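Okay, structure first, notes after.
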2 protein chains.
Amino acid sequence: MPKTQPSRPTTTGEPQAVRADIIAAATKVFSELGYHGASMTDVASELGMRKPSLYHHVRRKEDLLFAIHEQMVDELIAETMVVFSSSKPPSEKLRDIVRGAMDFVGRHQDGVTVFLAEHRALSGERWSEIVLKRDFYERMVQGVINDGTRSGAFVDMPPKIAAKAVLAMANWGYTWFQTGGEMGADEIGDMFAEIALRGLEVRPG
Amino acid sequence: MPKTQPSRPTTTGEPQAVRADIIAAATKVFSELGYHGASMTDVASELGMRKPSLYHHVRRKEDLLFAIHEQMVDELIAETMVVFSSSKPPSEKLRDIVRGAMDFVGRHQDGVTVFLAEHRALSGERWSEIVLKRDFYERMVQGVINDGTRSGAFVDMPPKIAAKAVLAMANWGYTWFQTGGEMGADEIGDMFAEIALRGLEVRPG
DNA sequence: CCTACCGATCGGTAGG
DNA sequence: CCTACCGATCGGTAGG
C-alpha cells in the first residue's frame, strides 16, 4: 500500500499564516524560557511539530529572534508616528505616547519581553539594525519633550533623560503587568501619563 | 566512635574572599552573556581557572545565580531600610529612595542586570524567596507613597501603580546607563527624583 | 593528610 | 512532516 505523497512540498512562497504562526509560537516560548533557555524543539512542540520540520521553514534560531524584534519595533514606530505627526500640542502628544506605549505592552507582552530582554543573542549587524529603529522611536519621544520645553509647557530637563524616565514606566510594565488583572493596560497607561505630565509640565502656581 | 570529619566544600569553611571573587566573576559573565548564554567555563576563565576547579567551590551553576540575586536584593533592602526608617517626610523619603535606587543601579549595574533579567532559571522555591524580599522592598516604597497621599502631600493614586512608575525609572537604567558617560548616576537619580516628586506631589496653585 | 587544581570524560542536548 | 543522525558543546564529575 503506497502512502500518499505529502500534500505540500512547496519550497517557495511560504504562506503568510504559517510564518506568522511560527513567529507567534517562538514569541511565546522565548518569552517564557528566554532565548537561550528555549530550544527549537520547544518552539516546534508549541506548533505541534518536530524540530526538523520547523527547520523546513526557519533557517536559524536567531532568525526567529530577529523577526520578533523587527515586528515589535516596526509596529511600535508605526503607531507612534501617527501620534507624532498629529497637530496636537506636546503635552497631549506625550500623553498619547505614554498611553500608547503601555497599551502596546499590554497587547504584545510576550513580544515586548523578547524585545526588551533577549537581544544579546542577535548578531552585531542585526542588533544594530534594531537599535537604529529603537533610537528613531526614542528620538520622536525626545522631540516631543523638546518641543514642550521650548514652548514653555515643560520644565527644562535634558530630553534624553526625560524620555528615558517616561518610557521606563511603560517598558518596565512587561515585567509585572498581568492581562486580566485588577487594572487594564489602558487604565495603567492613563496613570503613567498623568505622572509623566505632572512631572514635566510647568503649571501656574 | 568519632572520626575526623573530611573537609567538605562547605560554604561556611570557604574563605570569604574566594567566594566573593567567584560571585563577582559570575555576575560579570552572566550580565554580559545571559545566564543560559554563559557557560561555567566562561565563569572559570574569568577567574583564571578551569571549570573543574570552579566546581570545587560551587555545587551547581544555579547556586551562583541565586547568590547574585540574594546579594543584590539584600543590599538594596539594607540601604533602603535606612531611608524608610528615618523621620523625614514622605516626599524627602521618596526622593532618597529614587536617588538611592538609581545610585544602586550605577554602582551594581551588572548585578542589577542579572537580578532584573535573569531570574527565569531559578528554581521555584528560590525564586519565591527572592520575590518575597523584592516585594518587601516594593512595599516600603508603596508605604512611603501611601503616607504621602494620606498626609495630603501626594496626589491620590494607587500606591502600587505609583511605586511601579517611580521604581521603573531607576530599574530601567540598567539597560542604558553608562558608567563614565555624560552624566553620573547621581545626577540622573536627581532628575528622576525631580520628575517623580513633581508627578506625585500636590502643589499649591 | 590537606588544599587547590588538572586532563579527561561522563550522560544529555544544543543547533543543524 | 518524519526518523535518524552529525560535530560541538553543555553542566557536572571521575580519578589522581
Side-chain angles (χ1 to χ4, degrees), chain A residues 1-15 17-19 21-23 25-26 29-30 32-68 114 118 120-123 126, chain B residues 2-23 25-27 29-30 32-68 114 118 120-123 126:
Chain A
M1 218 61 165
K3 298 174 83 175
T4 50
Q5 283 295 323
S7 58
R8 195 161 43 81
T10 58
T11 50
T12 59
E14 207 62 65
V18 173
R19 182 169 173 80
D21 284 350
I22 291 173
I23 293 176
V29 171
F30 289 175
E32 280 171 5
L33 305 172
Y35 177 74
H36 278 121
S39 68
M40 286 297 265
T41 303
D42 293 329
V43 177
S45 292
E46 181 68 29
L47 290 159
M49 56 171 78
R50 312 281 179 174
K51 184 176 55 167
S53 306
L54 174 58
Y55 270 105
H56 187 262
H57 303 279
V58 177
R59 217 142 357 200
R60 290 178 300 154
K61 189 187 184 188
E62 194 212 312
D63 291 357
L64 287 176
L65 185 63
F66 181 64
I68 296 166
V114 175
E118 300 294 336
R120 273 172 299 213
L122 280 176
S123 73
R126 285 178 148 180
Chain B
K3 47 180 187 179
T4 39
Q5 200 76 349
S7 71
R8 297 164 303 162
T10 56
T11 42
T12 49
E14 210 64 64
Q16 203 63 25
V18 173
R19 182 169 174 80
D21 284 350
I22 291 172
I23 293 177
T27 300
V29 170
F30 289 174
E32 279 172 4
L33 304 172
Y35 176 74
H36 279 120
S39 69
M40 288 298 266
T41 304
D42 294 329
V43 177
S45 292
E46 181 68 29
L47 289 159
M49 55 171 79
R50 312 283 178 173
K51 185 175 55 164
S53 307
L54 173 59
Y55 269 106
H56 188 264
H57 303 280
V58 177
R59 221 143 353 202
R60 289 178 300 154
K61 190 187 183 187
E62 194 212 311
D63 292 357
L64 289 176
L65 185 62
F66 181 65
I68 296 166
V114 174
E118 301 293 336
R120 273 172 299 214
L122 281 176
S123 72
R126 284 177 149 181

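Chain letters run A, B, ... following the sequence lines, proteins first, then strands; residues in each count from 1. In this text, all values refer to a predicted model and were calculated from it rather than measured experimentally.
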Open item on the list: Run B/V114 and B/Y35 through side-chain contact (heavy atoms from CB on, under 4.5 Å) and show every step you take.
Closed with: CA-CA 8 Å; B/V114 174; B/Y35 176 74; over 6 Å; no
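- Residues B/S53 and B/H57 approach most closely at O-CD2, 3.3 Å, considering heavy atoms.
- Between B/S53 and C/dA4 there is no side-chain N or O to OP1 or OP2 distance below 4.0 Å.
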Could you list the protein-to-nucleotides 8-11 of chain D atom pairs, N/O on both sides, closer than 3.5 Å?
residue: D/dG11; atom: OP1; partner: B/A38; partner atom: O; Å: 3.1
residue: D/dG11; atom: OP1; partner: B/K61; partner atom: NZ; Å: 2.5
residue: D/dG11; atom: OP2; partner: B/M40; partner atom: N; Å: 3.1
residue: D/dG11; atom: N7; partner: B/K51; partner atom: NZ; Å: 2.9

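- Annotation: side-chain hydrogen bond (donor to acceptor under 3.5 Å, both in side chains) contacts of A/R50 (sequence neighbours excluded): none.
- Pairs passing the salt bridge (charged side-chain N to carboxylate O under 4.0 Å, His left out) check and including a residue from residues 55-68 of chain A, sequence neighbours excluded, read A/R60-A/E62, A/R60-A/D63, A/E62-A/R126, A/D63-A/R126.
- For the atom pair A/I22 CD1 and A/H56 NE2, the distance stands at 10.5 Å (nearest 0.5 Å).
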Which donor-acceptor pairs under 3.5 Å do the side chains of residues 41-48 of chain B make with protein atoms, sequence neighbours left out?
residue: B/D42; atom: OD2; partner: B/S39; partner atom: N; Å: 2.9
residue: B/D42; atom: OD2; partner: B/S39; partner atom: OG; Å: 3.2
residue: B/S45; atom: OG; partner: B/T41; partner atom: O; Å: 2.9
residue: B/E46; atom: OE2; partner: B/K28; partner atom: NZ; Å: 3.2

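- Taking both residues in full, the closest heavy atoms of A/A38 and A/V29 are given as CB-CG1, 3.6 Å, listed atom of the first, atom of the second, then distance.
- Between the P atoms of C/dA8 and D/dG12, the separation comes to 22 Å (whole Å).
- Stem analysis of DNA chain D (at least three stacked-register Watson-Crick or G-U pairs, each with both distances under 3.5 Å) gives none.
- Under 4.0 angstrom from either OP1 or OP2 of D/dC1 there lies at least one side-chain N or O belonging to A/H57.
- One interatomic measurement links the two molecules: CE of A/M49 to P of D/dT3, which rounds to 14 Å at whole-angstrom precision.
- B/R19 has its CZ atom 14 Å from the P atom of C/dA4, to the nearest Å.
- The nearest pair of heavy atoms linking B/H36 to B/A121 is CE1-CB, 3.9 Å.
- Residues B/Y55 and B/M40 approach most closely at OH-CG, 3.4 Å, considering heavy atoms.
- For the OP1/OP2 pair of D/dC2 and a distance below 4.0 Å, the side-chain nitrogens and oxygens of A/R50 include at least one atom meeting the criterion.
- For the pair B/I22 CD1 and C/dC5 C1', the computed distance is 13 Å after rounding to whole Å.
- Separating the NE2 atom of B/H56 from the P atom of C/dC2 is a distance of 11 Å, rounded to the nearest angstrom.
- Checking D/dA4, C/dT3, D/dT13 against every side-chain atom of B/P52, the shortest atom distance belongs to D/dT13.
- Only the P atoms considered, D/dA4 is 22 Å distant from C/dG16, to the nearest whole Å.
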